[in-house]
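Below is one structure, written out as structure tokens, with a few remarks after it.
Computed from heavy atoms alone, side chains included, the values below leave out hydrogens, waters and symmetry copies. Numbers here are sequence positions counted from 1.
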Amino acid sequence: MVAFCEDKSLQAVAPGIKAKDKYQSVRIDPNADIPVDWLLQTLSNYIALIDTTGN
């Protein structure tokens with residue numbers, strides 16, 4: 001299993017909505033290849049999110 005957590009401090013602030021950490025997880029078949037393309041794209045998305053928020 002591979003999991004990611006998007007900290008609430010990275011999310012846009014919306015009036016009246018309390019931010020919460022967001023989680024994304026994927027089960028990986030141990031008998032199959034690791035989905036490297038998906039993994040790299042997901043990591044790139046989270047890195048870009050961090051870069052744009054200045055954290």
Side-chain angles (χ1 to χ4, degrees):
M1 180 171 278
V2 175
F4 297 94
C5 175
E6 178 185 329
D7 188 87
K8 62 186 170 192
S9 67
L10 299 175
Q11 299 168 21
V13 177
I17 298 176
K18 183 178 178 185
K20 293 185 179 182
D21 293 346
K22 295 180 182 177
Y23 296 91
Q24 176 182 14
S25 63
V26 174
R27 292 184 189 267
I28 298 176
D29 180 349
N31 299 312
D33 289 338
I34 295 173
V36 174
D37 291 337
W38 173 84
L39 184 61
L40 291 174
Q41 183 61 49
T42 304
L43 285 172
S44 294
N45 291 343
Y46 281 109
I47 290 169
L49 181 63
I50 292 168
D51 288 344
T52 59
T53 59
N55 290 330

*Check: D37/Q41 side-chain N/O donor and acceptor closer than 3.5 Å*: no
*Any chance CG of D33 has more than 12 other-residue heavy atoms, nucleotides or ligands included, within less than 6.0 Å?*
no
*Give, for atom CG of L43 and atom CH2 of W38, the distance between the pair rounded to the nearest 0.5 Å.*
8.0 Å
*Determine whether V26 and F4 make a side-chain contact, defined as any pair of heavy atoms from C-beta on separated by less than 4.5 Å.*
no
*Distance, nearest 0.5 Å, that separates CD1 of I47 from OG1 of T42*: 11.0 Å
